[in-house]
*Asks:* 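Following this message is one structure expressed as structure tokens.
If you're wondering where the values come from, they're calculated on a predicted model, not measured in any experiment. To find a chain, count down the sequence lines: A is the first, B the second, and so on, and within it residues start at 1.
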Protein chains: 2
Amino acid sequence: MALRHAVLAALLDGEYSGYQLAKIFDVSLSNFWYAVPQQLYAELAKLEREGLISGRQVIQRDRPNKRLFTVTDAGLAELATFAATPSKPSSIREDLLVMVQAVDRLDPAPVIAQLEERAVTAAAKVEIFDRMLQRLRGDLDEETFLREGDRIGPYLTCLRGRRFEQENRDWCDQAAALLRARAPLSG
Amino acid sequence: MALRHAVLAALLDGEYSGYQLAKIFDVSLSNFWYAVPQQLYAELAKLEREGLISGRQVIQRDRPNKRLFTVTDAGLAELATFAATPSKPSSIREDLLVMVQAVDRLDPAPVIAQLEERAVTAAAKVEIFDRMLQRLRGDLDEETFLREGDRIGPYLTCLRGRRFEQENRDWCDQAAALLRARAPLSG
DNA sequence: CAGACCATGTAAAACGTTACATGATTCG
DNA sequence: CGAATCATGTAACGTTTTACATGGTCTG
């Protein structure tokens, strides 16, 4: 029961449709939770049935109509309960790490290739996060924004995402370089 | 179908029982994958049925008997296929981040408390990882080990785990301090 | 003698992923 | 005119989590 809280948290930013939420929760760049569109449509329906969010139809001329959702008082209360419940750390589950764990007993070439690829995509994500951070803090510098800005929640999660991808990039680079140096004939 | 590969990768280190694997895959400190014991027993049975691992009974006097498993040639081939298959990055799904995302609209006190707690457990994990790294590299220094040691796979994944927890700690500390400074009456 | 550790499982429920399904509009 | 974007779902399948179940030894 965690997606529900992630959806509620996302809707604190303002009204969103399922489709818009799907972009926020996209694999490629979710700074606090990840989910595919199908999950979101299902969860939104459920949350509305339970009265934690309420939707309103928006008729559009040029595009298909959509439904925008906002958090109700009951939804906010649900979030408060969630925030007061002790949470367990989510643990590592990453295919690429499994491959690296086994790399000594396998042909390292495909693993090296994937590490190098991942380093590039991680670097790209770092840049996207940087732009997101800039947009969030407006014309304030980071220190000032964090001290005085409103809504620092999204900024903080974005910072975490940025650092994670930076570490990811550095580690992938290091691992790829090392494996390459040790197996100069492959790759 | 990824747990199977994680189990195979873990068994490259040597023979293990389900119980021993459970400790390697434990929530509190898995450097490349996480799984609960029940998953492991089920997966081991499946892998054995498919001939990717083979188990042998070990009779013990003082303790319950156990079964130790090793990877077969077919298992190694399966791992090789896996390593050559492009992998998708695993994305963020962390309750604590959801709470921080929403913190501006909630009572920050319980969130701050959780951040501070998490910082402590993350710091503890960093130390455990440091000891694991020391053990893995023996009396070599890191640079030498990474250049010349055998089985650097586990070392690299451990390094990744360490850095992740370090970042986690730093971020939790920063976020907690900031939220505390902004809401001096709570917590 | 209580609690932790060793050791292995079954079963049900919850959750997440993948495939399928539809249809309009805008951009190159 | 094909691809991308907007917009919303259903159904089947696979994976993970949680609860239940058992029983011996070792440590304080």
*Asks:* Using atom types as modelled, flag every donor-acceptor pair under 3.5 Å from a side chain in residues 75-85 of chain B to any protein atom, sequence neighbours excluded.
*Replies:*
from	atom 1	to	atom 2	distance (Å)
B/Glu78	OE2	B/His5	NE2	2.8
B/Thr81	OG1	B/Ala77	O	3.0
B/Thr85	OG1	B/Thr81	O	2.8

*Asks:* Quick one: label B/Gln38 by what it contacts on the DNA or RNA (base, sugar-phosphate, nothing), any heavy atom closer than 4.0 Å.
*Replies:* base

*Asks:* By nearest heavy atom, map B/Arg63 and A/Arg63 onto DNA chain C; which one lands nearer the 5' end?
*Replies:*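 Upstream on the strand: B/Arg63.
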
*Asks:* Given atom OH of A/Tyr41 and atom P of C/dT22, what is their separation to the nearest angstrom?
*Replies:*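 My rounded result for the distance is 17 Å.
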
*Asks:* What is the distance, to the nearest angstrom, from the CD1 atom on B/Ile59 to the P atom on C/dA7?
*Replies:*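 From B/Ile59 CD1 to C/dA7 P: 13 Å.
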
*Asks:* If you apply the rule salt bridge (Lys or Arg N to Asp or Glu O under 4.0 Å), what do you find for A/Arg67 with A/Glu15, and how did you get there?
*Replies:* CA-CA 9 Å; A/Arg67 301 198 66 216; A/Glu15 287 186 316; over 6 Å; no

*Asks:* Do NZ/NE/NH1/NH2 and the carboxylate oxygens of B/Asp130 and B/Arg162 come within less than 4.0 Å?
*Replies:* yes

*Asks:* Counting any heavy atom closer than 4.0 Å, what does A/Arg61 reach on the DNA or RNA strands: base, sugar-phosphate only, or nothing?
*Replies:* nothing

*Asks:* Go through DNA chain D in 5' to 3' direction and return only the first and the last nucleotide with some atom under 4.0 Å of chain A's heavy atoms.
*Replies:* D/dT5 to D/dT17

*Asks:* Taking any heavy-atom pair under 4.0 Å as a contact, classify B/Arg93: base, sugar-phosphate, or nothing.
*Replies:* sugar-phosphate

*Asks:* Looking at every heavy atom in both A/Asp107 and A/Pro110, which two are closest together, and how far apart are they?
*Replies:*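 That would be O-CD, 3.3 Å.
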
*Asks:* Can you give the donor-acceptor pairs under 3.5 Å from side chains of residues 29-39 of chain B to other protein atoms, not counting sequence neighbours?
*Replies:*
from	atom 1	to	atom 2	distance (Å)
B/Ser30	OG	B/Trp33	O	3.0
B/Asn31	ND2	B/Thr157	OG1	3.2
B/Gln39	OE1	B/Val36	N	3.2

*Asks:* Rounded to whole angstrom units, what separation is found between the CD atom of B/Gln39 and the P atom of C/dA14?
*Replies:* 18 Å

*Asks:* Measure OH/A/Tyr34 against P/C/dC15 and give the value in whole Å, please.
*Replies:* 17 Å

*Asks:* Rounded to the nearest Å, what distance is computed from the CG atom of residue B/Leu3 to the C1' atom of nucleotide C/dT17?
*Replies:* 16 Å

*Asks:* Using heavy-atom distances to pick each residue's nearest nucleotide on DNA chain C, tell me which of B/Gln60 and B/Ala42 is more 5'.
*Replies:*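 Checking each residue's closest nucleotide, the 5'-ward one belongs to B/Gln60.
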
*Asks:* Would A/Glu94 and B/Arg160 count as a salt bridge (Lys or Arg N to Asp or Glu O under 4.0 Å) if you check the C-alpha gap in whole Å, the side-chain angles of each, and the deciding distance to 0.1 Å?
*Replies:* CA-CA 11 Å; A/Glu94 170 79 60; B/Arg160 185 72 192 90; over 6 Å; no

